[in-house]
Amino acid sequence: MKKNMGTADKSIRILVAIVIALLYYFDAISGTLAYILMALAIIFLITSFINFCPLYKVFGIKTSKK
């Protein structure tokens with residue numbers, strides 16, 4: 001897996017994951033929506049830490065500098 005995510009993209013994904021976690025923690029979201037958003041947050045965190053997004057590869061997007 002080659003890197004295809006840039007720093008700004010990783011930062012945005014981590015920030016979105018934190019916001020979703022906080023919304024869940026403070027009971028702003030619940031039920032099925034909460035589970036779907038938490039799954040999305042986990043996916044965002046994993047892809048941020050490994051610097052690779054499978055959807056970017058499918059669509060030919062590359063936000064990394066190298």
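Not measured: the values here are computed from a predicted model.
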Original post:
If you group Ile, Leu, Val, Met, Phe, Trp and Tyr by side-chain heavy-atom gaps below 4.5 Å, do L23 and L40 land in one group?
Top reply: yes

**OP:** Could you grab the distance from atom NZ of K57 to atom CE of M1, nearest 0.5 Å is fine?
**Re:** 10.5 Å

**OP:** Apply side chain to side chain contact (heavy atoms under 4.5 Å, CB included) to Y25 and list each qualifying residue two or more places apart in sequence or on a separate chain.
**Re:** none

Got a list of side-chain donor-acceptor pairs under 3.5 Å for residues 26-39, not counting sequence neighbours?
none

Listing, residues 4-22 side-chain donor-acceptor contacts under 3.5 Å, not counting sequence neighbours, or none:
from, atom 1, to, atom 2, distance (Å)
N4, OD1, C53, N, 2.9
N4, ND2, C53, O, 3.0
D9, OD1, Y56, OH, 3.2
D9, OD2, Y56, OH, 2.6
K10, NZ, N51, OD1, 2.9
S11, OG, T7, O, 2.9
R13, NH1, T47, OG1, 2.9

